[in-house]
Amino acid sequence: MKPIRKLPALLLAVLMLLPAVGCAGCRGQTPPKPDSTTAGTPDSTPGSNDTEPGSEEPPKELHAKDILGERDLSGQTITFFNRTGGNMWDIQSLYAEEILSEDINDAVFARNEKLKEDYGFTVELIDSGATSYSKRLTQAILGGDYGFDVVTACGYDMAELAANAVLLDLTALDGLNLGSSWWNTTLNSQLSVGTALYYLSGDIICEDNMAVRCVFFNKGIADAIDHPAEELYTLATDREWTFEEMFSLAALAYVDTGDKKTERIGFIAQKVVAGNVLLTAAGVRLTEKNDVPVFNQSLPTDVISAITGYLTGDGVRIESDALNPFKNNRALFMTEVLGTVSKIRDWDVKAGILPLPLYQKGQESYNHFADGNCLNLLALPTGNAARRSNVIFMMEAMCIESDTTLNPAFYDKCLRGRYSSDPESRGMLTIILDSYFIEDANLFKRAWGSLQDDIVSAIMENQSVTTVLEKYRDSLPAEITKTVNRLSEIAAAQRY
């Protein structure tokens, strides 16, 4: 069935506000903590179910029917309100009309056809026609007749929708196996507030992974300075890939031609995110997570001072446009969102992928982030109680079936291209995707203010970070408390 490509008229003209409907089948499950998931080994693929070395049995594929069992859903559909704003964050991994000899499209088609064969249900979309739409969705859901089963939206919108009491607390629903491998348990634990989880990430789509920041590198330049790709991959795998290593290589690669249009750059990043990329990589948090967010009012001045030094070092360029120098084979390292790989693989550049470096050896883990505009998440609207059990079942089935369809296609999209293949980066992708999160100070910025932006600006302009923290010392804790209380009250109301 073709997707619905326009909004129902009622969705655009909702005037009536009805109370939110409570959840059925409540069980009070708490989202898993970050340490409940073990990071994959560097040469494994998430969802591949690899067997132990020496095993004679091939990896076992995950299929929904083997795990969820039989259910007759003939003639039913699962309808997604789909983020489609005409940019790189559009979600394209929910529906495909036909085979087009394109990795993601064909994998989605195969997944959906398999589920139609096994269970009888089909997938439909309602395109959002915009990148952000929390106000419109709030009115539609409160109006009660909105025509979709699942919401997809950016993190910023999801935070607002949850506070508007139009999303269900997913931990209180039967049938969602939130601790299973097909849900992103590490990221989802970051998205929870207290015991409530209103939006989540899982294998049902791949665009959430496209939002994570990583390091791309030019293999030709790496060879030219006698530090080939194999050496860099080994550094990352052995946890010796550090700020010092990366910026030393950046300085080594730098060639000053006297002309910024022809110089060879060691490291390049966008000005608006460069400071935040390195803060995150160093493990610095503006809000700590102990069930609920807590404002971190004291940041390590030595780390911030070091980051400022690295960003002003030899061969480092912080620009509004980081892509063109890398495209033109003039930059060794570039930090960008993983989604950029779809462009890079069509450029005449032999490029590899690396995790963001450790601040120093001995750091507990690699750290990566996505911001609330880029990150796509899923949620269930309030209401729709009669269909809820089947909708949850269909979501789970789509996630599980993605193991043998969408997940491998996502890896292929990242690793293969017109001009080069990069199978060696497979292990790097696993490291990256096992260690990314979203900062609450970013996710809730529409309600809490622009702390993260102000901190990054201070770093980039070599100004006092302490002054910025002082500005938020009283207001931010109050806003956090307000948000936590609001989301907790909504969850409690849904349970009873």
Side-chain angles (χ1 to χ4, degrees), residues 88 213-236 240-279 281-282 304-359 417-422 424-425 428 456-463:
M88 69 182 295
R213 300 269 170 179
C214 61
V215 174
F216 295 98
F217 72 98
N218 185 302
K219 291 184 174 182
I221 298 177
D223 287 340
I225 63 172
D226 294 324
H227 290 274
E230 293 76 13
E231 175 184 320
L232 300 182
Y233 293 137
T234 299
L235 285 172
E240 295 183 351
W241 174 235
T242 62
F243 280 29
E244 184 63 30
E245 286 286 346
M246 184 175 76
F247 286 104
S248 293
L249 294 176
L252 182 62
Y254 178 52
V255 176
D256 185 0
T257 63
D259 183 354
K260 284 193 173 183
K261 293 182 180 179
T262 60
E263 68 177 353
R264 191 169 74 185
I265 299 166
F267 173 90
I268 192 166
Q270 286 181 300
K271 185 175 181 179
V272 293
V273 297
N276 192 33
V277 166
L278 297 187
L279 271 180
I304 292 171
S305 177
I307 288 173
T308 302
Y310 283 125
L311 291 177
T312 56
D314 289 343
V316 175
R317 294 290 178 265
I318 308 302
E319 309 283 353
S320 58
D321 174 26
L323 294 178
N324 274 315
F326 194 82
K327 178 180 181 180
N328 294 323
N329 283 289
R330 291 198 303 107
L332 173 59
F333 297 120
M334 175 185 69
T335 179
E336 253 295 351
V337 292
L338 184 55
T340 307
V341 75
S342 61
K343 298 178 180 179
I344 291 175
R345 293 300 177 214
D346 281 338
W347 294 344
D348 190 7
V349 177
K350 292 183 178 179
I353 302 171
L354 290 165
L356 295 178
L358 304 166
Y359 175 62
R418 182 187 305 174
Y419 291 100
S420 67
S421 294
D422 184 37
E424 299 86 0
S425 285
M428 303 301 102
V456 170
S457 294
I459 292 173
M460 299 306 300
E461 297 169 15
N462 199 18
Q463 296 179 350

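Heavy atoms only: backbone and side chains are in, while hydrogens, waters and symmetry mates are out.
- At least one donor-acceptor pair closer than 3.5 Å links the side chain of Thr335 to the backbone N or O of Cys214.
- Counting all heavy atoms, side chain and backbone alike, Ala253 lies closest to Ile221 at CB-CG2, 4.0 Å.
- In this structure the side chain of Lys327 never reaches within 4.5 angstrom of the side chain of Lys343, judged on heavy atoms.
- Taking the six-membered ring where the residue is Trp, Phe217 and Tyr233 present perpendicular rings, their angle passing 60° and hence far from 30°.
- The distance between the ring centers of Phe216 and Trp347 does not fall below 6.0 angstrom.
- Looking at residues two or more places apart in sequence or on another chain, you find a side chain to side chain donor-acceptor pair (under 3.5 Å) between Asp321 and Asn324.
- Remark: the backbone N or O of Val337 is paired with a side-chain donor or acceptor of Thr340 at under 3.5 angstrom.
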query: Between Arg345 and Asp422, does a salt bridge (Lys or Arg N to Asp or Glu O under 4.0 Å) hold up when you go through it step by step?
result: CA-CA 9 Å; Arg345 293 300 177 214; Asp422 184 37; 3.4 Å; yes
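- Listed here is the closest heavy atom pair of Leu356 and Ala281: CB-CB, 3.9 Å.
- Summarising the geometry of Val272 relative to Val456, their closest heavy-atom pair is O-CG1, 4.0 Å, with the distance given to 0.1 Å.
- Separation of the Tyr310 and Tyr359 ring centroids does not fall under the 6.0 Å cut-off.
- Judged by distance alone, with hydrogens and angles left aside, the side-chain atoms of Ser425 form no donor-acceptor pair with the main-chain N or O of Met428 at under 3.5 Å.
- Taking both residues in full, the closest heavy atoms of Ala222 and Leu332 are given as N-CD1, 3.8 Å, listed atom of the first, atom of the second, then distance.
- Judged by distance alone, the side chain of Asp346 and the main-chain N or O of Val341 form no donor-acceptor pair under 3.5 Å.
- Checking side-chain atoms of Arg317 against main-chain N and O of Phe267 turns up no donor-acceptor pair under 3.5 Å.
- Of the possible donor and acceptor atoms, none in the side chain of Trp241 sits under 3.5 Å from a partner among the backbone N and O of Leu232.
- At a threshold of 4.5 Å between non-hydrogen side-chain atoms, the residues Val273 and Arg213 count as touching.
- Remark: the backbone N or O of Gly315 is not paired with any side-chain donor or acceptor of Arg264 at under 3.5 angstrom.
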